[in-house]
Structures are given as structure tokens and as C-alpha cells.
Amino acid sequence: MGKNDTIKQLTKLLTYAIVHKIGSTVNKEEIYADKYLKEYENFLKRSEEVSNNENWNAYDRSLIKKSLKNRVHDELLKRDFLDDRKFDIMEEEIDKALDILDLR
């Protein structure tokens with residue numbers, strides 16, 4: 001698998017991780033909040049495995065962040081059952097996830 005394919009796979013997994021983390025945060029009183037948090041952890045773990053298979057340069061990191069922002073935003077738009085605060089914390093959660101993977 002080439003680096004571009006790896007970036008696509010990584011951003012897909014990170015998108016799901018971040019969206020699930022946001023869902024568990026903004027709607028923490030809902031019955032699915034705990035499930036979302038567990039799914040976040042699983043997606044993040046899988047993202048780490050994918051990320052560790054590559055050596056990322058500054059251009060790759062900026063490409064990952066840009067792609068991730070677009071994908072997370074689009075995915076959050078689809079999830080209209082989540083509180084609108086989801087967009088307020090989107091950037092923060094993206095930065096946290098990238099920090100965990102040492103991609104920022």
C-alpha cells in the first residue's frame with residue numbers, strides 16, 4: 001500500500017474516532033455515549049497501528065490534518081442527532097487526536 005492509500009485509511013479511521021469522541025462528549029446523557037467512547041478508543045488504536053507503519057514528514061502531516069478537518073466536518077453534518085456544540089469542539093478534538101499520534 002502506498003503512502004497516499006495509507007493517508008486515506010488513516011484519515012478515515014481518525015474521522016470515525018473523532019466523531020465518536022465528539023458524540024460521546026456533546027451528548028453524554030444519551031444511552032449511546034458510553035458505546036461511542038469505546039468505539040472512539042477502538043478507532044484510535046487502529047489509527048495508531050496504521051500511523052506507526054509510516055514515517056511522516058511535515059507535508060504529510062499538513063495533508064492529514066487538512067483532509068481530516070474536511071472529513072470530520074462532513075461526517076458531523078450527517079449526524080444531526082448530535083448537539084450543535086459538535087462544531088465548537090471539532091478543532092480541539094482533531095488536535096488532540098493528532099497529538100496522540102504525534103502528527104501535529
Side-chain angles (χ1 to χ4, degrees):
M1 177 167 22
K3 203 173 221 183
N4 286 336
D5 291 334
T6 303
I7 289 173
K8 286 179 187 177
Q9 181 183 16
L10 178 62
T11 55
K12 180 180 178 180
L13 290 169
L14 277 174
T15 297
Y16 291 137
I18 292 166
V19 168
H20 281 85
K21 175 74 185 304
I22 291 171
S24 72
T25 302
V26 298
N27 288 22
K28 53 181 128 181
E29 302 301 321
E30 296 294 329
I31 57 175
Y32 59 80
D34 287 339
K35 180 179 183 250
Y36 260 36
L37 192 56
K38 288 176 184 163
E39 289 176 353
Y40 154 76
E41 292 167 357
N42 290 332
F43 282 122
L44 189 63
K45 183 178 178 182
R46 290 175 54 199
S47 299
E48 286 177 304
E49 292 167 2
V50 170
S51 177
N52 288 337
N53 290 330
E54 291 286 345
N55 292 318
W56 305 108
N57 59 38
Y59 176 75
D60 296 333
R61 293 169 198 251
S62 68
L63 188 63
I64 289 167
K65 184 171 183 173
K66 182 180 177 187
S67 176
L68 191 56
K69 285 172 81 171
N70 291 335
R71 290 182 79 151
V72 169
H73 184 269
D74 292 347
E75 196 65 32
L76 287 175
L77 282 175
K78 294 177 192 174
R79 298 177 189 233
D80 56 357
F81 57 91
L82 294 178
D83 189 281
D84 284 338
R85 292 177 294 144
K86 61 189 174 191
F87 294 111
D88 297 338
I89 63 171
M90 182 181 86
E91 290 274 342
E92 179 183 344
E93 292 300 331
I94 289 172
D95 289 342
K96 285 181 187 177
L98 292 175
D99 282 344
I100 290 170
L101 299 181
D102 197 28
L103 291 174
R104 198 158 74 120

Qualifying residues under salt bridge (Lys or Arg N to Asp or Glu O under 4.0 Å), relative to Asp83, sequence neighbours excluded: Arg85
Output the distance between atom CD1 (Ile7) and atom CG (Leu63), rounded to the nearest 0.5 Å. 5.0 Å
Within a strict 4.5 Å, meaning less than it, do heavy atoms of the Leu82 and Phe87 side chains meet? no
Just one of Glu91, Glu93, Glu75 clears the salt bridge (Lys or Arg N to Asp or Glu O under 4.0 Å) bar with Lys69, so which one? Glu91
Could you check whether any side-chain heavy atom of Asn57 comes within less than 4.5 Å of a side-chain heavy atom of Asp60, counting everything from C-beta outward? yes
With rounding to the nearest 0.5 angstrom, report the CD to CG distance, Glu48 to Leu14. 9.5 Å
Between the CD1 atom in Ile18 and the NZ atom in Lys21, the distance rounded to the nearest 0.5 Å is 10.0 Å
Quick one: does Ser67's side chain have a donor or acceptor within less than 3.5 Å of a partner on Ile64's backbone? no
Starting at OG1 of Thr6, measure out to NZ of Lys8 and round the result to the nearest 0.5 Å. 11.0 Å
In this structure, are over 12 heavy atoms from other groups packed under 6.0 Å from Asn55 atom CG? no
Here the side chain to side chain donor-acceptor pair (under 3.5 Å) pairs for residues 32-44, sequence neighbours left out, are His20-Glu39, Asn27-Tyr32, Lys35-Glu39, Tyr36-Arg79
Does the distance from a Lys or Arg side-chain N to an Asp or Glu carboxylate O, for Arg46 and Glu49, drop under 4.0 Å? no
Rounded distance [0.5 Å steps], OG1 in Thr15 versus CG in Leu10: 9.0 Å
Among the clusters formed by ILVMFWY side chains lying less than 4.5 Å apart, do Leu37 and Ile31 turn up in the same one? no
For Asp102 and Asp99, indicate whether the former's side chain and the latter's backbone hold a donor-acceptor pair under 3.5 Å. no
How long is the straight-line distance from CG of Asp95 back to CD1 of Ile89, given to the nearest 0.5 Å? 12.5 Å
